[in-house]
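One structure below.
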Amino acid sequence: MLQVNYIRENKEKVLEGLKVRNFKQPELVNEIIALDQVFRATQTQLNDFESEANTLAKQIGDLMRTGKKEEADLLKQKTTSCKENIKKLTEEISEIEPKLYNLVVQLPNLPYHLVKNGVGAEDNEVVYLHDKPAELPKNALPHWELAAKYDIIDFELGVKITGAGFPVYKGKGAKLQRALINFFLDSATEEGYKEMQVPHLVNEASGFGTGQLPDKEGQMYHATVDNLYLIPTAEVPVTNLYRDVILKEEDLPIKNTAYTPCFRREAGSYGAHVRGLNRLHQFDKVEVVQVCHPEKSYETLEQMNNYVQSLLQKLGLHYRVLRLCGGDMGFTSAMTYDMEVWSAAQERWLEVSSVSNFETYQSNRLKLRFKGATGKTQLAHTLNGSALALPRILASILENYQTENGILIPEVLQKYTGFDRID
RNA sequence: GGAGAGUUGGCAGAGCGGUCGAAUGCGGCAGUCUUGAAAACUGUUGACUGUCAUAGGUCCGGGGGUUCGAAUCCCUCACUCUCCGCCA
C-alpha cells in the first residue's frame with residue numbers, strides 16, 4: 001500500500017498516477033487526506049492527555065513513597081477527567097484508524113513514468129518481438145490433443161481423483177515437467193538466485209503481508225480447520241520471509257528463487273480459453289524474487305526481464321514482451337512486463353511470465369526495510385517474476401515442436417529429460 | 001490426541017506494581033593502544049509516531065480488565081517448546 005505521508009505530500013502526483021491507471025475513485029485521495037488530518041489531530045490531543053496522566057502518576061508515586069498520602073489522594077482526584085478524555089480519544093482513534101487503513105488499501109500502486117495510459121489489454125505496448133512463428137506440419141494439433149495422442153497428460157484422470165483443472169502428467173509428460181523445473185532452477189542459480197524450499201501453505205498473516213487477503217480471499221484454497229491457505233504463487237511464502245525485517249544495506253540485493261506448485265480457485269473462469277493447460281487450479285512455477293535498494297529497482301527490473309527472455313530463447317520459443325498499460329497492470333505493481341509465447345496451434349499468445357516492480361507498495365505493508373549508512377531505516381523495493389510458469393510453456397513446447405514423427409525436445413532440456421523426442 | 005513449560009531489545013537472558021524502553025552478557029558501531037590486525041580497555045548501540053528542531057506519545061506475543069500508575073496482577077486468544085501417544 002501507499003504511504004499516507006506520501007499521499008499527503010504528493011497529492012497531485014498521486015492523482016496523476018491514478019489517472020494513468022484509469023482508477024475509478026480518485027476521490028479516495030481527498031478522503032484519505034481529510035481523515036488523516038483528523039487522525040493526527042486526535043492523536044495529538046490524546047498524546048497531550050497521556051502526557052498529563054503520566055506526569056500525575058509520577059507525582060503520586062513520589063508522594064506515596066515519601067508518605068504524603070493525603071496529598072496523593074488529592075492528586076488522584078485530578079486524574080479523573082484526564083482518564084475520561086484519554087478513554088474518549090482512544091475510542092475515537094480506534095474508529096478512525098481502521099477506516100483510514102481501509103481507504104488507503106483501496107488505492108493501487110502508482111505507475112512508473114514509462115507506463116502508458118490505457119484501459120485494458122488492447123493498450124499494452126509490445127516492446128520486443130522475438131523470432132517468427134514455428135512452421136508446423138499440416139495437421140498441427142493443439143496441445144490437449146497432442147497430450148492425448150502421446151498419452152502424456154491425462155485430464156480425465158485428474159477429474160476423477162480431484163476435479164477439472166488438476167491434470168495428471170504421465171510418463172514422458174511427467175519427466176518433461178520435472179526437466180523444466182530443474183532447468184529453471186539451475187538457470188536461476190547460475191543467475192545468482194538462492195534456491196529456497198518454502199511451505200506450500202501459509203498462515204493468515206502471510207496472506208495479508210503480500211495482499212492476497214483480505215481482497216482475494218476467494219481466489220485461494222483455504223484449509224479452514226487449521227486456518228491455512230494454499231499458496232497461489234511462491235511469491236507469498238518467499239516474500240513473507242522478509243516480513244517485519246530490517247535488513248542491512250549491504251545485504252541488498254536479495255535474490256531468491258523457489259519452485260512451488262501454485263493453487264488457484266479461478267472461480268468463475270470457464271470456457272474455450274481455459275481448455276487444456278491454459279488455465280489450471282494447480283500448476284507448477286519457478287519464481288524469482290528480489291529485494292533491492294530503491295535506487296536500483298528499475299535496473300533490476302530490466303535484468304529480470306532479460307533473464308526471463310533468456311530462458312524463452314534457450315527453449316527456442318517465439319515470444320513477445322509487453323509493457324502493460326496503466327489499466328491492465330496488477331493492483332500492486334508500478335511497472336510490469338508480460339512475456340507471451342505464441343501458441344501455434346491455438347493461434348494465440350499465452351502469458352507465461354509476468355515481471356513486476358512493486359517499489360515500496362509491498363514492503364510498506366510487509367514492513368520490509370533496510371538501514372542505510374545514515375542509520376535511517378527506509379522501505380526496500382521488491383520485485384518478482386515467474387521464471388517460468390510451466391503449463392503454458394509445456395503447451396507451447398508440445399505445439400511448436402510437433403513433427404510428423406513425434407514431439408522434439410528442445411536441446412537445452414535433453415540433458416534433463418534423457419530423451420530427445422516424445423513419440 | 002494427553003500432560004506440562006514458556007513468549008522481554010539483533011541474539012542470550014534478568015526484571016520488586018511506581019525511579020523500566022527495560023539489568024547483564026554476546027554481537028554491532030566508534031575510539032585508545034598497534035606498522036596493520038587480534039586481544040584488552042573506553043564509549044556507544046531498538047522500533048514506530050511526532051516536531052523546522054526540541055518536546056511529547058506508543059511498543060516487553062495479540063486483545064481486554066484491575067489501578068492514580070502494569071513488563072510485573074486478573075481474564076482471554078494465538079503461537080513456541082518439552083514429555084507421552086500415533087506416524088511419514
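Note on naming: letters A, B, ... go to the chains in the order of the sequence lines (proteins, then strands), and numbering restarts at 1 for each one.
Comparing T79(A) and T55(A), the nucleotide of RNA chain B nearest to each residue sits closer to the 5' end for T55(A). Along RNA chain B, the nucleotide nearest M64(A) and the nucleotide nearest I246(A) are compared for position; the residue whose nucleotide lies closer to the 5' end is M64(A).
On the P atoms, A14(B) is 14 Å away from A23(B), given to the nearest whole Å. On the C1' atoms, G28(B) is 33 Å away from U82(B), given to the nearest whole Å. As rounded to the nearest Å, U7(B) and G61(B) have C1' atoms that lie 6 Å from one another. Look at the C1' atom in both G56(B) and G64(B): the space between them is 27 Å, to the nearest Å. One C1' atom belongs to A71(B), the other to G6(B), and the distance between them is 15 Å to the nearest Å. Comparing C60(B) with C73(B), their P atoms sit 14 Å apart, to the nearest whole Å. Here the separation of C77(B) from C87(B), taken at their P atoms, is 31 Å to the nearest Å. Rounded to whole Å, the P atom of C20(B) lies 23 Å from the corresponding atom of C26(B).
In this entry the distance linking CD of Q77(A) with C1' of C68(B) reads 11 Å, nearest Å. Between the CG atom of L379(A) and the C1' atom of A47(B) there is a distance of 13 Å, given to the nearest Å. With rounding to whole Å, F39(A) atom CZ is found 14 Å from U58(B) atom P. Distance, L368(A) CG to A47(B) C1': 15 Å, rounded to whole Å. Taking atom CD1 of residue I86(A) and atom P of nucleotide G69(B), one finds them 9 Å apart after rounding to whole Å. D62(A) has its CG atom 9 Å from the P atom of U19(B), to the nearest Å.
Side-chain proximity of S51(A) to the nucleotides A47(B), G56(B), G50(B) is greatest for G56(B). You'll find that the side chain of R40(A) is closest to G50(B), out of A47(B), G50(B), G18(B). Picking from G18(B), G57(B), C48(B) the nucleotide with the shortest atom distance to the side chain of E50(A) gives G57(B). With G46(B), C48(B), U58(B) as the candidates, the nucleotide lying closest to the side chain of N54(A) is U58(B). Nearest nucleotide to the I60(A) side chain, out of C48(B), G50(B), C68(B): C68(B).
Side-chain atoms of Q3(A) and E9(A) form no donor-acceptor pair, as typed in the model, at a separation below 3.5 Å. With hydrogens and angles left out, the side-chain atoms of Q290(A) and T300(A) include no donor and acceptor closer than 3.5 Å. Remark: the E217(A) side chain and the Q212(A) side chain contain no N/O donor-acceptor pair separated by less than 3.5 Å. Counted by atom type alone, S363(A) and R369(A) present zero donor-acceptor pairs between their side chains at under 3.5 Å. When only modelled atom types and interatomic distance are considered, Y259(A) and Q197(A) share no side-chain donor-acceptor pair under 3.5 Å.
Using a 4.0 Å cut-off between a side-chain N of Lys or Arg and a carboxylate O of Asp or Glu, K58(A) and D62(A) do not qualify as a salt bridge. For K285(A) and E287(A), the salt-bridge test passes: some basic side-chain N is under 4.0 Å from an acidic carboxylate O. At a threshold of 4.0 Å, the pair K116(A)-E125(A) counts as salt-bridged, since one of the basic side-chain nitrogens sits closer than that to a carboxylate oxygen.
Between the base of G57(B) and the side chain of N47(A) there is no donor-acceptor pair shorter than 3.5 Å.
Across all strands, K376(A) comes closer than 4.0 Å to no nucleic acid atom at all (heavy-atom distances). Nucleic acid contact class of T377(A) (heavy atoms, under 4.0 Å, all strands): sugar-phosphate only. Backbone-only contact: K83(A) has heavy atoms under 4.0 Å from sugar-phosphate atoms and none from a base.
Across every strand in view, U66(B) sits unpaired, with no contact that passes the Watson-Crick or G-U test at under 3.5 angstrom. Pairing of A55(B), defined by two Watson-Crick or G-U wobble distances under 3.5 Å, is not identified with any nucleotide. For A14(B), there is no paired base (Watson-Crick or G-U wobble, both distances below 3.5 Å). A 3.5 Å limit on both hydrogen-bonding distances identifies no Watson-Crick or G-U partner for A22(B). In this entry A3(B) has U82(B) as its Watson-Crick or G-U wobble partner, both defining distances falling under 3.5 Å. Nucleotide A40(B): paired with U32(B) (Watson-Crick or G-U wobble, both distances less than 3.5 Å). Nucleotide G61(B): paired with C77(B) (Watson-Crick or G-U wobble, both distances less than 3.5 Å).
The phosphate of G10(B) has neither OP1 nor OP2 within less than 4.0 Å of any side-chain N or O from K248(A). Of the side-chain N and O atoms in R369(A), none sit less than 4.0 angstrom from OP1 or OP2 of A47(B). Contact annotation: T44(A) side-chain N/O to G50(B) OP1/OP2 distance is not under 4.0 Å.
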